[in-house]
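The analysis underlying the following values was restricted to heavy atoms, covering all of them including side chains, and did not include hydrogens, waters or symmetry mates. Proteins get letters first, then strands, A, B, ... in listed order; numbering begins at 1 in each.
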Protein chains: 2
Amino acid sequence: MLTEERQQIILEQLKLHNIVKLHDLIPLTGASESTLRRDLQDLENCRKLLRIHGGAQNVISLHEEPALSQKAAVHINEKKMIGQTAANLVQNHEVIFLDSGTTIQFMIPYLIEHNDLLVITNSVDNASMLADYNVNTFLPGGKLKSSTKALVGANIIQTLENYHFDRAFLGTNGFSVEAGYTTPDPEEAAIKSLAIAQSNQAYVLSDSSKFSQVSFSRFATLEDVPLITDKLSDKEISILSKYTKITEAI
Amino acid sequence: MLTEERQQIILEQLKLHNIVKLHDLIPLTGASESTLRRDLQDLENCRKLLRIHGGAQNVISLHEEPALSQKAAVHINEKKMIGQTAANLVQNHEVIFLDSGTTIQFMIPYLIEHNDLLVITNSVDNASMLADYNVNTFLPGGKLKSSTKALVGANIIQTLENYHFDRAFLGTNGFSVEAGYTTPDPEEAAIKSLAIAQSNQAYVLSDSSKFSQVSFSRFATLEDVPLITDKLSDKEISILSKYTKITEAI
DNA sequence: CCATATTCGGTCAAAATCAATCATAAAATA
DNA sequence: TATTTTATGATTGATTTTGACCGAATATGG
C-alpha cells in the first residue's frame, strides 16, 4: 500500500469517527506502528489532523472539502440551498453580519455574486473562508471560544454596538414555538441578539431538523426574526407561520 | 504496444482507482519499469497526474492531494525547532503576542506546555489553530487581508495601543544587516512595529534561508529585536552577532 | 503518591523506489 | 543503403520508505 493511500484512509477514519487510535489503524492499513506514526506526523504538519496521545483527532477544517466531508456532515444539500436563498437576499454595496455556524458558512460561496460587500463576522472559520473568496471582511475584536471558534465577550459586544448592518444572518441550535430561537452559550446568544438589534433586517437560517429543538439560551422569539429553512411539512408550516415569516429554500 | 496505448491504460486505471502503483502497471502494459517511469513523467508534465512515491495519483482527486501541500511546505523541521525554542522562552501566566506567518504558527503546539497563557494574535489562521489547542486567545478587531489572512488597518492599531504584552513573537520575510527586518506590506509592518513597542521583550523568528533577503518595508532594525533562527554558518553568525542577539534553535 | 503499562520520538539497517546513464533495436530521414 | 532519431530495457548508485528496536515520556490504576 502506498503512502498516499494510507494517509487517505487515516483521514477518512478521522472524518468518520472524529478520533482515531493508532492501534486501530494498524490492521486497517497493514502498516507498522512506526510508519503510521510518521503518517500522523506528516498529516499534522500540513494541518490535516491534530495528534493526541494514542492517535489523532479531527481538526475542523477551514474550508471543508465538500466531497470529502460529505458523509460526515449532515444536511449538506439542505444547507447549500438555504445558503443560496439567503445570499440572494443581499444587495450590492451592503454591509452584512454573518454569525458563526456551518449553515451560515454555506452562504459564502454565493456572496461573490454581489459587488462591494462588507461582511462583519464573529466567526474565525467564516473569516478564513471569506478571505479565500476575496470578500471584504472585518472582524470585531473579542475573546476566542475554542469549541466553536467564535468571538465572544464584552469587547465584541462593545464594538458591535457602534456598528449598523443592512442585514444580519444568524444560525441557531434550535427553534420552537414556545422557546423561540435558542443556542447553548449565553455569550453567543448575547451577540446574536445584539446583531439582530443593530441590523435593518435579520434572518435566522436553519435546516428543518432543528424544528422543536430547544437549547439553553434564547436570543430571539419567532416573531422577532423571519426564518429561512428547507422543506417543512404542511403541518409544521401552518404552526410556524402563525408566529413568523418562513422562507423555504428550494 | 504503443506509447499512446500505455499512457491511456495508465489514465484509465487512475480514473478507476484514483491511485495506481507502478508495479501493478507492469503486467497490465507489458512494459518495463523504466518505460513506465518515463510515461508517468510525461503525464505529470502535462498535468494529467501527480507522481507519488511508488506510483501516481489522480490530479482531480476527490481528496485533496496531501502530497502536494506537504512538499510545498519547506523548512518544516527548521521551523519546528525554531518554534519550540521560542515557545520555551514563554513563562506561565504571561500575555504574549503572536504575529502571522507559518514560522510563528509552529510555536503553537509547544505553547500548551505553559499554563494560563493569554495569546493575542492578528492572524486568523493562528487563531484557528490556537483554538484547536485550547489556548486562551484574543483577537483584536480589524480588516481582514485576504492574501495572508491577517488583520490589519487603523482599527487594530488603535486596539493594540491599549494593550501590553510580556512577549511578542514576530515573523519576517527577510533580514539583513543593512535593511534590518523587512516585510512586503506596510500595513503589516506597522502592526509588527507596534507589537514590538508594546511588549517587554520581542523576538523575530526566521529560518536561516531568509538571511540577506530584503523586502519593501522595515519594521525593525537588527539592533531592536533579537533573532531566533536555525543553523547559520560561522561567517553569518559573526556578521550578524555584531548587530543583534542570535539564538540558534537546535 | 507510586508502579505499571502504553505510547512516544529517535536511530538504524534493510528493502523498495527513484533518477540517470548506457547500449540496443526499431523507426524515420536522408 | 547509411545515418540519425527515438523508444526501450537493463544497470547502477542515490534517495526514500519502511519496520524493528530502545530509552524516554506519558497515561493508567491502585
Spacing between Leu40(B) atom CG and dT17(C) atom C1', to the nearest angstrom: 12 Å

Whether Glu33(B) and Arg37(B) form a salt bridge (side-chain N of Lys/Arg under 4.0 Å from carboxylate O of Asp/Glu) is what I want to check. yes

Taking the inter-plane angle between the rings of Tyr163(B) and Phe138(B) on a 0 to 90° scale, is it parallel (under 30°), tilted (30 to 60°) or perpendicular (over 60°)? perpendicular

For His23(B) and Gly55(A), take the nucleotide of DNA chain C holding the closest heavy atom to each; which residue's nucleotide lies nearer the 5' end? Gly55(A)

Please confirm whether the shortest side-chain N or O distance from Arg6(A) to OP1 or OP2 of dT17(D) is below 4.0 Å. no

Is any side-chain N or O of Thr3(B) under 3.5 Å from a base N or O of dA7(D), one able to act as donor and the other as acceptor? no

Within the structure provided, determine whether Leu28(A) and Gln13(A) are in side-chain contact (heavy-atom separation under 4.5 Å). yes

Whole-Å gap separating C1' (dT6(C)) and CG (Leu25(A)): 16 Å

Under 4.0 Å between a Lys/Arg side-chain N and an Asp/Glu carboxylate O for Glu94(B) and Arg167(B)? yes

Looking only at dG9(C), dA19(C), dT8(D), the nucleotide nearest the Thr35(B) side chain is dT8(D)

Asn58(B) and Ile19(B): side chain to side chain contact (heavy atoms under 4.5 Å, CB included), yes or no, with the steps? CA-CA 6 Å; Asn58(B) 214 335; Ile19(B) 272 187; over 6 Å; no

Whole angstrom value for the distance that separates P of dC8(C) from CG of Leu50(A): 13 Å

By nearest-heavy-atom nucleotide on DNA chain D, the more 5' of Asp39(B) and His53(B) is Asp39(B)

Closest listed nucleotide, where the reference is the side chain of Arg37(B) and the choices are dG9(D), dA20(D), dT17(C): dT17(C)

Return no unless some side-chain N or O of Ser32(A) is found under 4.0 Å from OP1 or OP2 of dT18(D). no

Would you call the rings of Phe165(B) and Phe97(B) parallel, tilted or perpendicular, taking 30° and 60° as the class edges? tilted

Return the nearest nucleotide to the side chain of Leu22(A); candidates are dC8(C), dG19(D), dC18(C). dC8(C)

Specify the separation, in whole Å, of atom CZ of Arg51(A) and atom C1' of dT7(C). 10 Å

Evaluate the side-chain proximity of Gln105(B) to Lys79(B): yes if any heavy-atom separation is below 4.5 Å, no if none is. no

Whole-Å distance between dT6(D) C1' and Gln41(B) CD? 16 Å

Please state how far atom CD in Gln7(B) lies from atom C1' in dA7(D), giving the value in whole angstrom units. 12 Å

Let me know the distance between CG of Leu2(A) and C1' of dT17(C), rounded to the nearest Å. 10 Å

Ignoring hydrogens and angles, answer whether the base of dG9(C) and the side-chain atoms of Arg38(A) contain a donor-acceptor pair closer than 3.5 Å. no

Touch class at under 4.0 angstrom, heavy-atom based, for Ile52(A) against every strand present: sugar-phosphate

Go through the steps to decide whether Leu130(B) and Val119(B) satisfy the test side chain to side chain contact (heavy atoms under 4.5 Å, CB included), and finish with yes or no. CA-CA 8 Å; Leu130(B) 285 160; Val119(B) 174; 3.6 Å; yes

When the axes are fitted on five pairs at both termini, how much does the helix from dC1(C)-dG30(D) to dA30(C)-dT1(D) curve, in 10° steps? 40°

Should Ser34(A) be listed as having a side-chain N or O under 4.0 Å from OP1 or OP2 of dT18(D)? no

What is the separation between atom CE on Met1(A) and atom P on dT17(C), rounded to the nearest whole Å? 14 Å

